[in-house]
Structures are given as structure tokens and as C-alpha cells.
2 protein chains.
Amino acid sequence: MPRSPDTASSKAGPVTLAMVARRAGVSPQTVSNALNSPGLLRPETLERVRRTIDEMGYRPHRAAQTLRTRSSKLIGYGIRPTPPGTLAPVMDRFLHALSQTADEAGYRILLFASPPGTTGLEGYEELIDLHSVDGFVLSGTDRGDQRQAWLAKRGVPFVGFGRMWSSRQIGDWADVDGASGTDAAVEHLVGLGHRKIAFLGWPRGSGVGDDRAEGWQRAMRRHGLPVRGRHARSVDDIEAARAAVEPLLDAGATAVVAASDTLALGCYRALRERQAVPGRDVAVVGFDDSPTAALLSPGLSTVAQPLEAVGRECVRLLLARMAAPDAPPERVLLEPSLVVRDSTPALAG
Amino acid sequence: MPRSPDTASSKAGPVTLAMVARRAGVSPQTVSNALNSPGLLRPETLERVRRTIDEMGYRPHRAAQTLRTRSSKLIGYGIRPTPPGTLAPVMDRFLHALSQTADEAGYRILLFASPPGTTGLEGYEELIDLHSVDGFVLSGTDRGDQRQAWLAKRGVPFVGFGRMWSSRQIGDWADVDGASGTDAAVEHLVGLGHRKIAFLGWPRGSGVGDDRAEGWQRAMRRHGLPVRGRHARSVDDIEAARAAVEPLLDAGATAVVAASDTLALGCYRALRERQAVPGRDVAVVGFDDSPTAALLSPGLSTVAQPLEAVGRECVRLLLARMAAPDAPPERVLLEPSLVVRDSTPALAG
DNA sequence: TAGGGTTCTTGGAACGCTCCAATGCCTGAG
DNA sequence: CTCAGGCATTGGAGCGTTCCAAGAACCCTA
């Protein structure tokens, strides 16, 4: 069977829906239906059109679909510069999960960077004005984050990775239950025989940090263990952490739960300086399971966030929101998991 | 002055070019020209149209532009899953730079994930067929990478982060001069008084690894220092590296240049096991400046890749290629920089 | 055989923009 | 005063798709 000139292999530009229609002997609309509402076609017509589509290698042009349907099938994600000094935020794992789940649902992730020296809202506004995206995934949400309220006001679908810490809750989010993570860390340590379990956290006021502190506290209380004098705070810097943890060690803590791997590293350093060995003399648990944790000696036990699951949930929540703009907000709290390494061995004796 | 009903603040849908034209008393084409070829307009007309555009808050609809101009102003970037165990590839820094530079040029980054269990070409093919992107940035290029040839065959613009290691060079790329980095490491160590400088590299055959080994070798030769018996190889795993470095230490090396921070960490571990102190007893230099490097004790001297610059170059090269598809290929080799920390102090005595 | 309800298919318009070719206007030379 | 020639502006069409409403074909019943 000789191929007509408008076959895929022909060099004449891309195959359009109209070309397929002509070749299959149906109207353009029918080809469109074959793709979008196959149920409308008689089985034999559907079969014929589908075969023609395959033969010609037809793929619909996204821009034309976007223009007509007013939906770009794109999800915006604003990446922020990684603050130097911070331990790898491991955001690439999250991004990968996000991208993959979105792909499976026929969506893609559109990356944009907030230009330096801006409030950060401009990037979002631009993409909305240009009709470039259908919605947003926010990350790095924190107290006083204006984005949620701003997006909600404009009726733009969004989902946050990270809950809202203010009392006013806006929109959907997925987050990791930090309290549950530190709680599990305490459970683990108690199981090993520890009683003097200290907490090294961030300065008061950060939602994430307070949450992690709270989990430690409630687990301690549950076991009837004192928390007074066992709680220190430091910014997320290794040297600051080293200094901050000293009083806890002086007070005889046999284990330290830290709000981050960086803080845990501060503990390592403090212990080494007093000729003590992390893990052997004092147990240490970090938070985040950054790549560093596995490489340390001793390997750092740490609470791992289920970033892949968070990514999947974000996409799911966002799609649900786009499908039903007025549905009640949905919030998902995911369980982190404790990764046990050598920094938390059983107590000798 | 009362605002006409089709003002930005009016609730009636988005502002279109036609609405602006009507209000400004010009043809749609003139509004388009005001935006795209302002030189064509008489200054006073331009001024009037621009004012109207601002008043109405008009922004062109990307999909319509894309459809008409056949250019999506989108750059595809396929993210690969971070191989577990590997030290943070620090790809987020690169991605951020990429995104930011692209933004400044009116482009955006479209993320896509290769579905698991595929050769990796499918994602690219799909985006091309859908006319979703104007070009690609490739990363993680390696020997036997099919992507360049495949994309070149279809005439799709692309740029690689990472040169092609095979003899057949295809397309543009930007890369970091690894040899120059290890060369600089040797220079630094020689300057500190070291003579017995060993190299801990990856197994032969990886372009990147061989390149880094070569820099060490040439610097050693330049200084008349022997390289025989001073070169060991290991896969990029901390425990494998620890084992591999033993012979080098046994041979009396006073300094080790490693092809990665992970390998350098293997050195740390080997030294600690023989009761030696990294930095004090044997100097160690890593490669990549992963976040971990700064957090170790002693802080790891390491070769830092200029990821931001690479990101910028990638965008620049890609845009140039899109502007001139038949121009001769351009290749950019960027200089890494040595970050000196405590693992390379001056030799005592 | 005609009527009424499905089921399947179609034509035309529209989405919002930019391309192309053509128009009108103005200036200055013949 | 006319006409070439440059400049500023316009009209119409088209990019490739999907929406809408209407048309054709079909089947069953009266």
C-alpha cells in the first residue's frame, strides 16, 4: 500500500489533526474525540482513526491545546537559592518525585527562580499573568509566608510542602510530622536504656523547629523523664551548635536528639573536643538524613523525611484542588522514619 | 477620568491584545508591534499604546504566542533520580543558576523525569513531539551517552553540561576543567612542602575520572615527582575508598588528592583507623565541595566546581545555538577553584 | 411508513497572537 | 502639481486545537 504524501515519514512539517482527519476520512472533530472522548466513537471508527494516528505518528500540539482549553498542564515551582552553609536541603529528591508524579498525570513542572532582591511574589504573578501554569507547588513555607494568602485571593490553585504555622490555615498542604520523628528518636533511645536524653533545637519561633522540639518533649513526658535543663537552642550552624550543646553534656546527658543533621554534627564536634566519642560515649540522633549522615564516622542515626511521598502527595492534592476549586481543604501529615546507624548503639552496662 | 468597562480591574476575564488595541484606537497589529518591534512605531503612538497596556494590565498569552511563533520559550531538563549513596550531586545549585539565567532571557526550565525502566530518550522524544520545548540542557553526560547524537539527528538544539568523552564530538557543551582542579591541588600541596602526593581516583574508563587523574599526573611530572605506586582506584564508595587508599598510605604518601569528596572521606576513615589524624598526619584534598566538606573535622580542602557559571554558560550556548543552528559548535571549559580548609595545613618541619 | 429518540459525526467558530502583504500618509524631487 | 519612495499603520489570514450546536444515520416503536 503506497503511503500518501502526508505520512509521518514525509518531510513536510509536523502532522496535524486535520491531516489525520483527511487521511482517515473523518472530520477533524472526530479525530479529536478519538483522543479525548473515545467513548463517543463507534468502535470501528475509533479503531480506524487510532490506526491512522499511529501510522502518521500524530501528536497534538500542546500550545494549541493550551490556547483552546485554557489549561497549560504545567505546574509552577519556584526554586530558591540554596542558602550556603545549610546542609543540602535534599530538595532534588523532592523535585524528582514531584516531576515524576506530575508526568504520570500528564503534567510537567515549570521551574522559575525569584530574581534576587524581590519579595518573591513577582515570579508567581508573572506566570499567572502569562497563563503559563495551572497551579503551584510551594516549598520552604514558613511563618509569615505571604504566598498562600496571595494565591488564594487570586483563586490560583496551589499546594504547600509544609503546613502553615500561623493559626489561619489557607489551602492544602502536605507535610512531615516532625514531632513524630523526634518522638520516635526518644523511643529508640529509651529502648536502648537512655534516660538523660537532651534536645538541641533551633531558636524558638520557627514552626518546623518548635514542632520537632515538641515531639521530644511529649515523649520524655510520656516516659516520666525530666526535660528541664535538657533543652538547648542554636542556629543551624555547626560551630554555634557545638557551643550550645556544651551545657547539655555538662549536665550529664547520655543522648542528644538534634533538630537537624547540622546540629548533630555540632554535637560530634563538641564530643570530640572533650575527647569523647560520639555513639560510644554519648548517643546522637540527627534530623533529615542528609547525604552526609551516612558518611560520617560513626554513621549518624537520623530521622528521614519521606520526600518522595511528599512529592506525590503534593501533586495529588494540587490536581484534586484544580478539579474541585471549592472542595474543603485537605491536609496530609506524613510519618518520617528513623534511620538507625552507629551513633546510637545500646548503652554499655 | 472614568474607566471603561474593559479595564484591568474589571472582572470580565483576561485582557487581550484586541481589547488594548480598541481602547488605544489602533489596530491589534500595532499593539503587537509596540511590544515586539517598538522601533516601528512613531514615538507618540508607542507612548500612547504603552500607557494603555499598563493601564489595562495587559500581558500577552504565552500559549497564543507559542502557537503562532512556534517557539515555546521553554528549555527541557530531564532530572535523573539521585543515585543513593552518592554524595549530593549539588545539582540544585546548578538548576537554580540555570533557571535564573533562563528567566533573564525570557526562557523557563521545564522539568521532566525519565520514567523508570526506560532508556531515557522517551522523555525527550515526547517533549519534542508535543512541541513543548525549544531545546534541552543535558546533564550527567557520560561515555556512550546516546542523547547528543539522537538530538542532533533530529535537529533539536541542546547543550551538555559535561563534554563528550568519545572522540566524536557532537554539539555544544560547557564543562569544568577537572584536570586543572587536581593540578591546582598538587600545586597547593607542593607549595606546602609535600612531595609524596598520591592520587585516589575512580576506575579507569570514566571520562570525568580520567580527566582528574590526568591533572594530578601532569602536575607531578612538572615538578619531577614520581607517580608510580602513588595512584590507586576505587568506586565512589566510602568503604571501598578506605580499603583502596591503604597501599598509598603504606607507601608513605604525605598527601592524597581524591577524585571526589566521597573518596576523600574514605581517606579520613583509613587514617583514623591507623590512629592518624587527617590534615595533621596526612593532607587530603577532595573534589566537588559538597556540603559535607565544610562540615567535617577537619574541614576538607576540596576543588569546587563553578556550578553557577556552568549554568549560565549552558543557557548562553543554548540560546546561541537556537539563534544560529548552523554555527560551528562552541565549547567552554571553566576553571574550578580550590577551597582550602584544615585538611591541608603546612607540613610541620 | 412515519415518527421520535439515540448514537455518531460534522461544520463553523473561536482561543489570542503574529505573519504577510497591502494600504494610507507624508516628504521631497522632478 | 505629480509622482516616486520611505515610513507608519492596518486587514486578513492562519497557527492547531476544542467547543458548540446542528446534522446525519441509526434503531426501535406506533
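Chain letters run A, B, ... following the sequence lines, proteins first and then strands; every chain starts at 1. Because only heavy atoms are used, hydrogens play no part in the values below, and waters and symmetry mates are left out as well, while side chains stay in.
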Please determine whether a side-chain nitrogen or oxygen atom of A/S32 lies at a distance below 4.0 Å from atom OP1 or OP2 of D/dT18.
yes

Any residue meeting side-chain contact (heavy atoms from CB on, under 4.5 Å) with A/A309, in chain and number order, not counting sequence neighbours
A/P306, A/R312, A/L334

Treat primed atoms plus P, OP1 and OP2 as sugar-phosphate and everything else as base, then score nucleotides 9-16 of chain D 5' to 3': B for base contact with protein heavy atoms under 4.0 Å, S for sugar-phosphate contact only, - for none.
SBB-BBBB

Going by the rule side-chain contact (heavy atoms from CB on, under 4.5 Å), which residues pair with B/D129 if we only count those two or more places apart in sequence or in a different chain?
A/R59, B/E125

Starting at CZ of B/R22 and ending at C1' of C/dG16, how long is that distance when rounded to a whole Å?
13 Å

Sequence neighbours left out, what passes side-chain contact (heavy atoms from CB on, under 4.5 Å) with B/A64? Give chain and number order.
A/L67, B/H61

Which pairs, protein N/O on one side and nucleotides 24-28 of chain D N/O on the other, fall under 3.5 Å?
none

Strictly by salt bridge (charged side-chain N to carboxylate O under 4.0 Å, His left out), give each pair with a member in residues 63-79 of chain B just once, sequence neighbours left out.
none

Sequence neighbours excluded, which residues qualify as side chain to side chain donor-acceptor pair (under 3.5 Å) partners of B/S166?
none

Less than 4.0 Å between a side-chain N and a carboxylate O, is that true for B/R50 and B/E55?
no

Residues forming a side-chain contact (heavy atoms from CB on, under 4.5 Å) with A/R321, sequence neighbours excluded
A/P157, A/D172, A/A327, A/P329

Mind checking ring pair (Phe, Tyr, Trp, His ring centres under 6.0 Å) for A/Y124 and listing every partner two or more places apart, or none if nothing turns up?
A/F112, A/F136

